[in-house]
Engineer: 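What follows is a single structure, and I will ask about it in a moment.
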Amino acid sequence: MAVQAFLGIRRWRGNPVCRPTDRHEAWVALAALLLVVLGAPVLGWLTGSLTDDALQQSVRAQHAQRQLTPAVVVRKASGRSPFAQDPESAVTEDSTRTSVVARWRDPDGTARTGKVSATSAVTTPGTRIRIWTDQRGLPATRPMDSVTARTHAVLAGVGTALVAAGLTETARRLVVWRMMQRRYTRLDRAWAQVGPDWGRTGTGS
């Protein structure tokens, strides 16, 4: 699209049969190319950079406000996994979760008991596990890590660049379509003026 538009502009600059709309379409295509090649990546990079800064700040805040706390399994709890029932609880293992009742202590030493998430292999009473808790000692979700935050930022930047490129191409198509509609309208008007006399020139009538 872009190469043809650029070459077309060079050919049409001195072409006496070139219509103004042809040059306009070529300039629109060239402008769209520049936006897709340059504008969209820059916008994606800015979005990714800003997203990464915000997420990394959130990561630091979460790690400052949450800590791993040792706990002891009291018994296996009934019901489904607490990841579906109790999103406020989490442990460090990443395997299949199950719901257990555990006992742990707050930072000030106060004993707490509650339903938390544990792997299915550590449901035996007396098993020691580690859970994430907040500053008050309540179960909390596992904080986001830097790698995950960076991945989300990259995906946000790539997504923004793709959306910007798609919107640019959509706008180019709409502009070209509108230009073609105007061209057809002018042709219809010209034909309406010439059409009634078509084929009668030189007949003397």
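Computed from a prediction, not measured in an experiment: that's the story for all the values here.
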Engineer: Are Met180 and Val175 joined in one hydrophobic group, where the rule is that I, L, V, M, F, W and Y side chains link up if heavy atoms are under 4.5 Å apart?
Structural biologist: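 Yes, one cluster joins them.
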
Engineer: Which heavy atom in Ala153 sits nearest to a heavy atom in Leu55, and how many Å separate them?
Structural biologist: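 It is N-CD1, 4.2 Å.
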
Engineer: Give, for atom CD of Gln57 and atom CD of Gln62, the distance between the pair rounded to the nearest 0.5 Å.
Structural biologist: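 Answer for the CD-CD pair, Gln57 versus Gln62, is 11.5 Å.
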
Engineer: Once you round to the nearest 0.5 Å, how far does CD of Glu169 lie from CG of Leu174?
Structural biologist: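 So the CD of Glu169 and the CG of Leu174 are separated by 10.0 Å.
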
Engineer: Nearest heavy-atom pair of Thr168 and Ala32: which atoms, and what distance?
Structural biologist: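 For Thr168 versus Ala32, the nearest heavy atoms are CG2-O, 3.7 Å.
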
Engineer: Following the transitive rule for hydrophobic clusters with a side-chain heavy-atom cut-off under 4.5 Å over Ile, Leu, Val, Met, Phe, Trp and Tyr, establish whether Leu33 and Trp27 coincide in one cluster.
Structural biologist: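 Yes: a chain of side-chain contacts under 4.5 Å links Leu33 to Trp27.
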
Engineer: What heavy-atom pair brings Thr141 and Trp132 nearest, and what distance separates the two atoms?
Structural biologist: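 Nearest heavy atoms, Thr141 then Trp132: O-CB, 4.1 Å.
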
Engineer: Considering only heavy atoms from C-beta outward, does the side chain of Trp104 approach that of Val116 to under 4.5 Å?
Structural biologist: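 Contact flag for Trp104/Val116 side chains = yes.
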
Engineer: Step by step, work out the side chain to side chain contact (heavy atoms under 4.5 Å, CB included) result for Thr133 and Arg66.
Structural biologist: CA-CA 6 Å; Thr133 59; Arg66 304 174 191 178; over 6 Å; no

Engineer: Please name the pair of heavy atoms, one in Ala156 and one in Thr47, separated by the smallest distance, quoted to 0.1 Å.
Structural biologist: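 Ala156 and Thr47 have their closest heavy atoms at O-CG2, 4.1 Å.
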
Engineer: Rounded to the nearest 0.5 Å, what's the gap from CG on Leu167 to CG on Leu35? Could you check?
Structural biologist: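 Between atom CG of Leu167 and atom CG of Leu35 there are 11.0 Å.
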
Engineer: Any donor and acceptor pair, going by atom type alone, linking the side chain of Gln65 with main-chain N or O of Asp134 inside 3.5 Å?
Structural biologist: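 No, Gln65 side chain to Asp134 backbone: no donor-acceptor pair under 3.5 Å.
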
Engineer: How far does OG of Ser58 sit from CG of Asp53, to the nearest 0.5 angstrom?
Structural biologist: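 The CG atom of Asp53 is 12.5 Å from OG of Ser58, to the nearest 0.5 Å.
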
Engineer: Measuring from His152:NE2 to Asp52:CG, what's the distance to the nearest 0.5 Å?
Structural biologist: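 If I round to the nearest 0.5 Å, the distance is 11.5 Å.
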
Engineer: Find out whether Arg112 and Leu138 are in side-chain contact, i.e. whether some heavy atom of one side chain is under 4.5 Å from a heavy atom of the other.
Structural biologist: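 The answer is yes; the side chains approach within 4.5 Å.
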
Engineer: Whether the side chain of Ser49 engages the backbone of Trp45 through a donor-acceptor N/O pair (distance < 3.5 Å, no angle test) should be reported.
Structural biologist: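 No, the answer is negative, given that no donor and acceptor are paired below the 3.5 Å cut-off.
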
Engineer: Can you tell me how far the OG1 atom of Thr151 sits from the CE atom of Met144, to the nearest 0.5 Å?
Structural biologist: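 One finds 10.0 Å between OG1 of Thr151 and CE of Met144.
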
Engineer: When you compare the side chain of Ile129 with that of Val73, does any pair of heavy atoms fall below 4.5 Å?
Structural biologist: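 In short, these two side chains touch, coming nearer than 4.5 Å.
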
Engineer: Charged N to carboxylate O under 4.0 angstrom, Arg136 versus Asp106?
Structural biologist: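 No, Arg136 and Asp106 are not salt-bridged.
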
Engineer: Should Leu38 and Leu162 be regarded as members of a common hydrophobic cluster, given that ILVMFWY residues are connected when their side-chain heavy atoms come within less than 4.5 Å of each other, either directly or indirectly?
Structural biologist: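 As far as the 4.5 Å side-chain criterion goes, Leu162 and Leu38 are not connected within one cluster.
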
Engineer: Could you walk me through whether Gln67 and Thr69 pass the side chain to side chain contact (heavy atoms under 4.5 Å, CB included) check?
Structural biologist: CA-CA 6 Å; Gln67 57 277 333; Thr69 302; 4.1 Å; yes

Engineer: Search all heavy atoms of Ala149 against all heavy atoms of Val59 and return the closest pair with its distance.
Structural biologist: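 Taking every non-hydrogen atom into account, CB-CG2, 3.8 Å.
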
Engineer: Quick one: closest heavy-atom pair of Ala71 and Ala102, and the distance?
Structural biologist: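 Scanning both residues, the minimum pair turns out to be CB-CB, 4.3 Å.
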
Engineer: Take Val74 and Val100 through the side chain to side chain contact (heavy atoms under 4.5 Å, CB included) test and state the conclusion after the steps.
Structural biologist: CA-CA 7 Å; Val74 176; Val100 298; over 6 Å; no

Engineer: Would you indicate whether the side-chain heavy atoms of Ser99 and Lys76 approach each other to under 4.5 Å?
Structural biologist: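 No, too far: nothing below the 4.5 Å cut-off.
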
